[in-house]
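First up is the structure itself, then whatever we jot down about it.
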Amino acid sequence: MSRTRAQSFDEMVLESVEAIERFVDDGDRFPGSRLRGVEFAVEDVPGEVNAYDTDVLEDRQVPLARLLPAQPGTGGPQPRIVVYRRPLELRAHGAEELASLVRSVIVEQVANLLGVDPGEIDPDAD
């Protein structure tokens, strides 16, 4: 059975998230399960986004991903990292480059969420 581009992209995101979660939650690097409760989502394109917000990862003023942090003390939603499929697909030349770009974007957003350098999440991060 063939998969659509969107399904393939979702799978790419899931594989990256699982690898990053294993690394972050492994051993004593980060005490406790730091990514427990973090929601990861894929949207085709960004909606209305203020590109000046610090939680938006952009390239040439086009949002690639966004971190929606939790609102401490409000009982509101957990942190959410949204990855935008179409802007990422347009920047990559082939599946391998897209997978690398997806991982890089997710690493950047997880590092932002945890308040650490991306190299602490993925030693191969740019």
Side-chain angles (χ1 to χ4, degrees):
M1 189 157 98
S2 65
R3 296 178 301 172
T4 66
R5 286 175 37 186
Q7 289 170 326
S8 295
F9 187 87
D10 290 349
E11 186 175 303
M12 221 176 272
V13 169
L14 181 60
E15 288 171 1
S16 292
V17 168
E18 287 175 345
I20 292 165
E21 284 177 332
R22 279 192 303 275
F23 182 80
V24 168
D25 292 341
D26 182 36
D28 297 326
R29 279 185 205 93
F30 302 95
S33 182
R34 303 281 303 271
L35 294 181
R36 182 173 294 144
V38 176
E39 180 182 329
F40 293 87
V42 173
E43 293 181 8
D44 285 337
V45 295
E48 189 174 320
V49 173
N50 183 353
Y52 299 107
D53 289 345
T54 59
D55 61 356
V56 177
L57 180 63
E58 64 180 18
D59 178 37
R60 292 175 251 152
Q61 299 182 346
V62 175
L64 302 178
R66 181 169 193 183
L67 166 63
L68 301 164
Q71 302 298 317
T74 65
Q78 294 296 317
R80 185 172 195 231
I81 294 174
V82 181
V83 179
Y84 301 117
R85 181 176 67 85
R86 293 292 296 144
L88 289 168
E89 286 177 337
L90 291 171
R91 278 160 184 71
H93 302 285
E96 190 173 310
E97 187 176 327
L98 180 58
S100 177
L101 184 57
V102 165
R103 183 175 175 108
S104 178
V105 164
I106 294 171
V107 164
E108 184 76 27
Q109 292 297 58
V110 168
N112 188 16
L113 174 67
L114 298 178
V116 299
D117 185 82
E120 291 183 52
I121 304 298
D122 185 354
D124 299 326
D126 297 330

Could you give the distance from [atom1] ([X]) to [atom2] ([Y]), rounded to the nearest 0.5 Å?
X      : Y      : atom1 : atom2 : result
Leu114 : Glu120 : CG    : CD    : 9.5 Å
Thr4   : Phe9   : OG1   : CZ    : 12.0 Å
Leu113 : Arg80  : CG    : CZ    : 14.0 Å
Arg5   : Asp44  : CZ    : CG    : 10.0 Å
Ile81  : Leu68  : CD1   : CG    : 9.0 Å
Leu98  : Leu90  : CG    : CG    : 10.0 Å

Would you mind reporting whether [Y] and [X] have side-chain heavy atoms less than 4.5 Å apart?
X     : Y     : answer
Tyr84 : Glu89 : no
Pro87 : Pro63 : no
Leu64 : Arg91 : yes
Val82 : Phe40 : no

Next item on the list: Answer yes when Arg85 and Glu43 have at least one side-chain N-carboxylate O distance shorter than 4.0 Å, and no when they do not.
Entry: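 Judged by the 4.0 Å cut-off on N to carboxylate O distance, Arg85 and Glu43 do not form a salt bridge.
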
Grab the two heavy atoms, one from [X] and one from [Y], that are nearest each other, plus how far apart they are.
X      : Y      : value
Glu108 : Pro118 : OE1-CG, 3.5 Å
Ala19  : Arg103 : CB-NH1, 3.4 Å
Met12  : Ala95  : CE-O, 4.2 Å
Ala111 : Asp117 : CB-C, 4.0 Å

Checklist line | Ser104 side chain to Ser100 backbone, donor-acceptor under 3.5 Å | finding: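 Between the backbone of Ser100 and the side chain of Ser104 there is no qualifying donor-acceptor contact (under 3.5 Å).
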
Item checked: Other residues, nucleotides, ligands: >12 heavy atoms within 6.0 Å of Gln7 CD ->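 More than 12 within 6.0 Å, yes.
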
